[in-house]
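Structure, as structure tokens:
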Amino acid sequence: MTYITKPRLHHPLLQPNALGFTRRDYEGKVSTLCAGCGHDSISAAIIQACFDLDLPPHRLAKLSGIGCSSKTPDYFLGGAHGFNSVHGRMPSVLTGANLANRELIYLGVSGDGDSASIGLGQFAHAMRRGVNMTYIVENNGVYGLTKGQFSATSDKGSKSKKGVVNHDQPIELVGLALQLGASFVARGFSGDKAQLVPLIKAAIGHKGAAFIDVISPCVQFNNHPGSTKSFDYVREHNAAVNRLDVIAPRKEIVVDYEPGSVERVAQHDGSVLTLRKLAADYDPTDRAAAITHLQAHQAIGEIVTGLLYVDPAARDLHDYLGTVETPLNRLGDAELTPGARALAAINQSLR
Amino acid sequence: MIDVSHRIDGRDRPAPLTATNDFVVKFANVNGSGSASANALFAKSILRMGVPVAARNIFPSNIQGLPTWYEVRVCEAGHLGRRGGVDLMVAMNPQTFARDVASIEPGGYLFVDSTKPPPHEGLRGDITVLGLPLTAICNAAYSDPRQRQLFKNILYVGALAALLGIDPAVVDALVAEQFKGKERLIKPNLEALAMGRRHALETLDPIGLKVRRADAVGDRIYVEGNAAAALGAVWGGATVCAWYPITPSTSLAEAFMGYCEDFRADPDGGARAAIVQAEDEIASIGIVVGAGWNGARAFTCTSGPGVSLMQEFVGLSYFAEIPAVIFDVQRGGPSTGMPTRTQQSDILAAAYASHGDTKHPLLFPEDPTECFEMAALAFDLADRLQTTVFVMLDLDIGMNEWLCRPFAWDDSRRLDRGKVMSHDELESGKPFGRYQDVDGDGIAWRTLPGAHPSRGAYFTRGTSRDPNARYSEEGPVYVANMERLLAKFETAKALIPAPVFRPAGRRTPHGVIYFGSTSAAMNESLAELEATGIRLDAMRLRGFPFSDEVMGFIAAHETVFVVEQNRDGQLRTLIMNEGGVDPAKLVPVLNYDGSPITARFITGGISTRLGRGGA
Ligand SMILES: Cc1ncc(C[n+]2csc(CCOP(=O)(O)OP(=O)(O)O)c2C)c(N)n1
Ligand code: SF4
Ligand SMILES: [Mg+2]
């Protein structure tokens, strides 16, 4: 059997959070990914973000498609239910799960093949429906699990390990998400935890479709010089628009920045996003400006990272459908089955 | 205006048909001309006279301009299958005039708009032509072109009702019911009816076809199968519906939406159901699987092409053991096939949907009443068996109104949510292993996400895993799990509705198996066959997997006819495959031209095979 139990010794230095959980309580099984894979760093960032937010692990549901990236939900938050579904279809499964119980926190994890190739349609429709979720694409510009074929985010002109050249235009997922109406759009880098953890925290606090494209180098198949998804390239061409801090509703504000360079955004759940601006004229609440900024920088080979867009007053699919507050999966017979008398009236109307 | 009677050549003319409460009227119309509601009004008036009718829409895959037909079989004896043949043709479509006229039984009647002379071609000497100048009358009475068109339909209903002897008060009352809430429409419709009636009585001779008041309808209801299935979904506790439009299933989702407005609004106005029109059928079933995983009762409705797209998810549902309900309203395949015609041709695609070794429970409703019952049951079965359950309707049941038993519900009935381990059970220390067969029925306990802070969480995947849901590619672990899934399928046999037997009354080596919408025609055929001395024990299958009873029936007969509405005898294949039955024993009787099977067809097929010639 391939299953290995992870030693769960509690290190005395592991400080518990407000719920009394230590970081270990947010971990999962031992990862089976390649050593150095960017995806593992993202798992670590998710663990950190959930720990920081004092989330009870079981209140979160983790869903994924198929791929190395989609395996990762097994490697964090072992106390949460997880669902490794089918290739490219995580968005629909997550949508259904969310419809069934609006009270849980939904985290969707996917890859660039999973979301930009086979699953592009589902990615698009989940964004435009405003499903309340945090949707992370662990973007390595390659199919990792099937050993190095191009994905729809592979660089044009890049060469695969087998020597094949990619002629297709890459799909820019953040740009798409912006156009499709996602109400929270960000990009991070697996190698920059200081930036990524707050982005994940902010996305979890966001009500609506929150999308984070995380550049996550595949050390096995796409970390060569020249790849825009390699560690070196991202480090050299990262144009961060802001640095983010997330202050959870119940925590007092402990950090402060000089006025003028700081923008505060209060989210629906009461959390406050404090953005230290790096690009002076960047306004993260202006969707059109975000698209323009993104394209301008892309044209000069820069990778824009940070919180690109947020609509703090966003609504979600349940708002649009007008569903009851009680999770649908908790409604009982009395609320669901109209009974014999109502049926008799229907019979009467059909004669 | 012209008199058409001189065209009819009187030589060799058979006597005009005479029949009371037993004839077929067919309306030939142009799609989009507003005829549908007028034709339905005609059929329902006969029902209100206490005489059973079976009405069927025959329509093209098109919104406007192509031919459509509406066939009404009037039958006091209660046969609700298609009879075949036409006794009175209401030919309102010049495009199809010749073939419509050709389809009339000798001695039958042809009702035409005689404003313009009907085409010469195709007219026959052996029928009676009934001409009313409908267009001329409407042009004189109305100035608005839309009214001229719509009231022409009402006019012919008034005329036909008068010719057939339908009580005018019955038709008038139906109009008043139909336009309840739009009262200003009642008067002009009543006037148009009266106008048609008056013209018919003044200018046409009486005909031999009559509707006479009877008491053969009883407390039965008249409803479409899709609407009935939607009601069954409401009563069965469905809260999530994801769907993608496709004929003939669309009206099921639309009916569900409508019923949810009535029955699923909480006192504060919130909806106790979530309905999503998805981007395709893959997303539809994905949403259903996600909702089922999370403990909501969820369904999608589709037809063959949609079932094809759903294959991968159905396999996931089977292997990861997630409840899902799919209504497959079957139509003519393969590919786009005959999208607006009926067939039972998805039996194998549904039974063995997906790659790898899979099989899924199927339910076969015979009419709308069973659509309701089996819809509600499907949700219990899906939760109990933690798998996809298919409810196999077809266009004939789904999109036509059928006279059937009223719906019934036992208020003491409880939704069976299956083996879901609750927070309290987990808290009390009840052991949990997601894929452990602790009860010996092949069905393991599951937990819902968020159930308990520290117990019961597990990882769901379509990949092989051990009884505690841990990833494993070990051969024996995989095999043990696959064997448990088979054991679960055995358990399903006892939960599927039992077959309905209709014994011949005396020993016979011959049996017949049928299912679904074939039922009406089969019942009639059995009576016909018996009249010619052919006795058959009949078994109506109501679902899959097949119980021992089903196999016992086959074993007890030398020859068993299997009557189906597809080319390849798909149910027969399923029986052979699952029961190891000798193919020579199972004789296929197959109708698959897209029109609902008739008693004539079945009787002909069986009696030819038994060497008694045509019936
Ligand atoms: C329907 C289907 N087609 C193909 C595959 C094979 N497959 C598995 S993972 C994968 C690509 C994954 O790429 P990506 O989503 O980028 O994940 P990564 O491994 O790079 O993290 C493919 C094609 C599959 N599992 N299912
Ligand atoms: S193949 Fe690439 S993506 Fe997959 S685990 Fe290895 S490094 Fe990560
Ligand atoms: Mg990838």
Side-chain angles (χ1 to χ4, degrees), chain A residues 1-3 56-61 63 66 73-74 78-87 89 91-101 103-104 121-122 124-125 129 317-318 321-333 335-340 342-344 346-347 350-351, chain B residues 221-223 231 234-235 237 239-240 242 263 266 269-276 278-280 282-283 286-296 298 312-313 316 406-411 414-415 447-454 457-463 466 470-474 477:
Chain A
M1 254 190 281
T2 53
Y3 170 69
H58 76 293
R59 300 308 296 166
L60 195 134
L63 295 102
I66 299 287
D74 208 12
H81 275 67
F83 193 166
N84 193 186
S85 65
V86 291
H87 194 23
R89 319 296 174 193
S92 63
V93 180
L94 189 152
T95 301
N98 183 301
L99 291 176
N101 182 357
E103 284 182 353
L104 298 183
Q122 294 217 341
H125 291 281
R129 276 189 198 111
L317 180 58
H318 280 283
L321 294 175
T323 37
V324 284
E325 288 301 321
T326 313
L328 296 177
N329 70 355
R330 281 221 298 273
L331 298 175
D333 290 55
E335 288 129 325
L336 295 178
T337 298
L343 201 54
I346 291 205
N347 283 330
L350 297 171
R351 287 183 174 128
Chain B
I221 56 173
Y222 188 61
V223 64
L231 275 171
V234 173
W235 262 253
T239 52
V240 174
F263 299 113
D266 84 346
R272 289 176 177 153
I275 304 165
V276 175
E279 61 270 30
D280 57 29
I282 303 179
I287 290 170
V288 169
V289 165
W293 175 71
N294 214 355
E312 188 182 16
F313 261 119
L316 177 73
F407 304 132
W409 190 261
D410 174 359
D411 280 331
R414 290 290 162 265
L415 304 177
T447 54
L448 301 183
H452 189 276
S454 57
Y458 69 97
F459 200 73
T460 305
R461 45 163 71 86
T463 323
D466 73 7
R470 290 176 302 210
Y471 184 86
S472 169
E473 291 177 12
E474 298 293 322
V477 172

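Computation of the quantities below employed the complete heavy-atom set of this structure, encompassing side-chain atoms and omitting hydrogens, waters and symmetry-equivalent molecules. Order of the sequence lines sets the chain letters (A, B, ...), proteins ahead of strands, with each chain counted from 1.
Between the CD1 atom of A/Ile346 and the CG atom of B/Leu231 there is a distance of 4.5 Å, given to the nearest 0.5 Å. Atom-to-atom distance recorded for A/Gln122:CD and B/Glu279:CD is 5.5 Å, nearest 0.5 angstrom. Here the straight-line distance linking atom OH of B/Tyr222 with atom CZ of A/Arg351 works out to 15.0 Å at 0.5 Å rounding. Note that CG of B/Asp266 and CD of A/Glu335 are 9.0 Å apart. Values are rounded to the nearest 0.5 Å.
When all heavy atoms of A/Asp74 and B/Arg461 are compared, the pair lying nearest together is OD2-NH2, 2.7 Å. Residues B/Asn294 and A/Ala100 share a closest heavy-atom pair of CB-CB, 3.6 Å. The two atoms that bring A/Leu336 and B/Arg272 nearest to each other are CD2-O, 4.4 Å, heavy atoms only. Of all heavy-atom pairs spanning B/Asp411 and A/Gly339, the tightest one is OD1-CA, 3.3 Å. Here the closest non-hydrogen pair linking A/Leu343 and B/Trp235 is N-CZ2, 3.6 Å. What you find for B/Ala271 and A/Leu328 is that their closest heavy atoms are O-CD2, 4.2 Å.
In terms of non-hydrogen atom pairs under 4.5 Å with chain A, the most contact-rich of B/Ile282, B/Val240, B/Val223 is B/Ile282. In terms of heavy-atom pairs under 4.5 angstrom with chain B, the leader among A/Leu331, A/Leu63, A/Thr95 is A/Leu331. With chain A as partner, the option from B/Gly270, B/Gly269, B/Gly286 having the largest number of non-hydrogen pairs under 4.5 angstrom is B/Gly286. Chain A forms more heavy-atom pairs under 4.5 Å with one residue of B/Trp409, B/Phe313, B/Phe263, B/Phe407 than with any other, namely B/Phe407. Contacts with chain B were tallied for A/His125, A/His318, A/Arg330; A/His125 has the most, counting heavy-atom pairs under 4.5 Å. For the set B/Ala278, B/Ala273, B/Ser454, B/Pro449, the entry with the most heavy-atom pairs within less than 4.5 Å of chain A is B/Pro449.
If you measure heavy-atom distances from B/Ile275 to chain A, the contacts under 4.5 Å come from the backbone alone. For A/Ala342, the parts lying near chain B are the backbone and the side chain together; criterion is any non-hydrogen pair under 4.5 Å. Both the backbone and the side chain of B/Ala283 come within contact range of chain A, judged by heavy atoms closer than 4.5 Å. Both the backbone and the side chain of A/Pro73 have a heavy atom closer than 4.5 Å to some heavy atom of chain B. In this structure, the portion of B/Ala408 lying under 4.5 Å from any heavy atom of chain A is its backbone and not its side chain. If you measure heavy-atom distances from A/Pro338 to chain B, the contacts under 4.5 Å come from both the backbone and the side chain. Contact annotation for B/Val234: both backbone and side-chain heavy atoms come within less than 4.5 Å of a heavy atom of chain A. Heavy-atom distances place no part of A/Ile66 under 4.5 Å from chain B, backbone and side chain included. Only the side chain of B/Leu316 comes within contact range of chain A, judged by heavy atoms closer than 4.5 Å. Contact of B/Ala298 with chain A is not made at all, since no heavy-atom distance falls under 4.5 Å.
By the 30° and 60° cut-offs, the orientation of the rings of B/Trp293 relative to A/Phe83 is tilted.
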